[in-house]
Novice: 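Dropping the structure in here first, questions after.
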2 protein chains.
Amino acid sequence: MFSSELKKGSTELLLLSLLEARPRHGYEIGKLIEARSGGKLQFKIPSLYPTLSRLEERGLISGRWVEEPGQRRRRFYRLTKQGSAALGEKRATWHEYVATVNLVIEPEGA
Amino acid sequence: MFSSELKKGSTELLLLSLLEARPRHGYEIGKLIEARSGGKLQFKIPSLYPTLSRLEERGLISGRWVEEPGQRRRRFYRLTKQGSAALGEKRATWHEYVATVNLVIEPEGA
DNA sequence: AGTATACATATCGTGACGCGATATATCCAA
DNA sequence: TTGGATATATCGCGTCACGATATGTATACT
């Protein structure tokens, strides 16, 4: 639906946002983005894993393997304290960016 | 101010928008983005030229050299009919994308 | 006269990152 | 038993703003 270029700046914000309420694993995050957006916003789920790894490397999220009977092993990520702070900043930056772009692109005399 | 990743999807939209009112040259567009955004949104002006070339290749804008006495030659771009249509679509897509992301990232229970 | 600054365009290599493809593996339903 | 949903991992690719660099003109200050 939306070009990958458009998505580029906001993927991390999306992932962090969805980990705010509770820990989730990669696949679940991918499906949740699709569900919450009414199918409009979709990611190739395999492409989320490198992003999750990156966020973990930077200490914004922390993952642990969970094995439950009758389920294959899943890696649940939770938001760290740093991640929570980063999320706040990213949300603010996002809203400011949107407002700024809107200011520039609005038709003359609008 | 804003990360280059965030800007990636919306640069073309910005350029096309600023050519809507009247033809402009690259340097002028760069300065206008900065001015209209109150300095918040800036591009390295040299990085705009490849984007303008790309838009011209695709037939969305059309450039012509203008030489005036006492001024170095400047290339003025105007929006083509196709460019005008593309601008409309890009604006709509942008607003829809923003609304969709906002839907997904809003804090639980907000 | 010399020098800095704004104006104006061009090109090249780099880095970031979502995509597409592919691989692997488990569980459940038809 | 075959297909689809679940679940994670990796690799190469394409796109595009950036940074650096280059070139050249006009204006203003010293």
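Heavy-atom basis, side chains included; hydrogens, waters and symmetry copies ignored. None of the values given here were measured: they were computed from a predicted structure. Numbers restart at 1 for each chain; the letters A, B, ... are given by sequence-line order, proteins then strands.
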Novice: Below 3.5 Å, can you tabulate the donor-acceptor pairs from side chains in residues 82-92 of chain A to any protein atom, sequence neighbours excluded?
Specialist:
{"unit_1": "A/Lys90", "atom_1": "NZ", "unit_2": "A/Glu12", "atom_2": "OE1", "d": "3.0"}
{"unit_1": "A/Arg91", "atom_1": "NH1", "unit_2": "B/Ile105", "atom_2": "O", "d": "2.3"}
{"unit_1": "A/Arg91", "atom_1": "NH2", "unit_2": "A/Glu20", "atom_2": "OE1", "d": "2.8"}
{"unit_1": "A/Arg91", "atom_1": "NH2", "unit_2": "A/Glu20", "atom_2": "OE2", "d": "2.8"}

Novice: Step by step, work out the side-chain hydrogen bond (donor to acceptor under 3.5 Å, both in side chains) result for A/Tyr97 and B/Ser3.
Specialist: CA-CA 10 Å; A/Tyr97 179 66; B/Ser3 79; over 6 Å; no
Novice: In residues 31-64 of chain A, which ones come under 4.0 Å of DNA chain C, going by heavy atoms?
Specialist: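 By residue number: A/Phe43, A/Lys44, A/Pro46, A/Ser47, A/Thr51, A/Arg54.
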Novice: In whole Å, I'd like the distance from the CD atom of A/Glu67 to the C1' atom of D/dA7.
Specialist: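 That distance rounds to 12 Å.
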Novice: Hey, does the side chain of B/Arg74 come within less than 4.0 Å of C/dA8's phosphate (OP1/OP2), counting only N and O?
Specialist: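 It does, given that an N or O in the side chain of B/Arg74 lies less than 4.0 Å from OP1 or OP2 of C/dA8.
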Novice: Under 4.0 angstrom, heavy atoms only, what part of the nucleic acid is B/Lys8 near: base, sugar-phosphate, or nothing?
Specialist: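 If one applies the 4.0 Å heavy-atom cut-off, B/Lys8 turns out to touch a base.
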Novice: Quick check: do B/Leu19 and B/Leu55 have side-chain heavy atoms less than 4.5 Å from each other?
Specialist: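 Heavy-atom side-chain distance check fails, nothing below 4.5 Å.
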Novice: Pick the closest DNA chain C nucleotide for A/Glu12 and for B/Tyr77 by heavy atoms, then say which residue is nearer the 5' end.
Specialist: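 The answer here is B/Tyr77.
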Novice: State whether A/Tyr27 places a side-chain N or O below 4.0 Å from either non-bridging phosphate oxygen (OP1 or OP2) of D/dT6.
Specialist: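 Yes, such a contact exists.
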Novice: Checking side chain to side chain contact (heavy atoms under 4.5 Å, CB included) against A/Val104, which of B/Leu18, B/Leu32, B/Leu13 comes through?
Specialist: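 Only match with A/Val104 under side chain to side chain contact (heavy atoms under 4.5 Å, CB included): B/Leu18.
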Novice: Rounded to the nearest Å, what distance is computed from the CZ atom of residue B/Arg75 to the P atom of nucleotide C/dA10?
Specialist: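 Atom CZ in B/Arg75 sits about 7 Å away from atom P in C/dA10.
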Novice: A/Glu28 and salt bridge (Lys or Arg N to Asp or Glu O under 4.0 Å): which single residue from A/Arg22, A/Arg74, A/Arg75 fits?
Specialist: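 Output: one option passes, namely A/Arg22.
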Novice: What's the NZ-P distance between A/Lys7 and D/dG14, to the nearest Å?
Specialist: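 Rounded to the whole Å, the gap is 19 Å.
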Novice: Grab the CD-C1' distance between A/Glu28 and D/dT8 for me, whole Å please.
Specialist: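 Rounded to the whole Å, the gap is 14 Å.
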Novice: I want to confirm an ordering. Mapping A/Trp65 and A/Glu5 to their closest nucleotides on DNA chain D, which one lands closer to the 5' end?
Specialist: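 Of the two residues, A/Trp65 wins.
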Novice: Tell me whether A/Lys7 forms a cation-pi arrangement with A/Phe43, defined as NZ or CZ under 6.0 Å from the six-membered ring centre and within 45 degrees of its axis.
Specialist: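 Ring-cation test returns yes.
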Novice: So, for B/Gly39 and B/Gln42, which heavy atoms are closest and what is the spacing to 0.1 Å?
Specialist: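 It is O-NE2, 3.1 Å.
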Novice: Checking contacts here: which listed nucleotide (D/dA7, D/dA17, C/dC19) is nearest the side-chain heavy atoms of A/Ser4?
Specialist: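 Ranking D/dA7, D/dA17, C/dC19 by closest atom to the A/Ser4 side chain puts C/dC19 first.
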Novice: Distance check needed: C/dC17 P versus A/Leu6 CG, whole Å only.
Specialist: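 Checked: the CG to P distance equals 16 Å.
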Novice: B/Arg24 CZ to C/dT9 C1': how many Å, rounded?
Specialist: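 The distance from CZ of B/Arg24 to C1' of C/dT9 comes to 18 Å, rounded to the nearest Å.
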Novice: What is the distance, to the nearest angstrom, from the NE2 atom on B/His25 to the P atom on C/dA10?
Specialist: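 About 12 Å, once rounded to whole Å.
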Novice: Grab the OH-C1' distance between A/Tyr97 and D/dA17 for me, whole Å please.
Specialist: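 Going from A/Tyr97 (OH) to D/dA17 (C1'), I get 11 Å.
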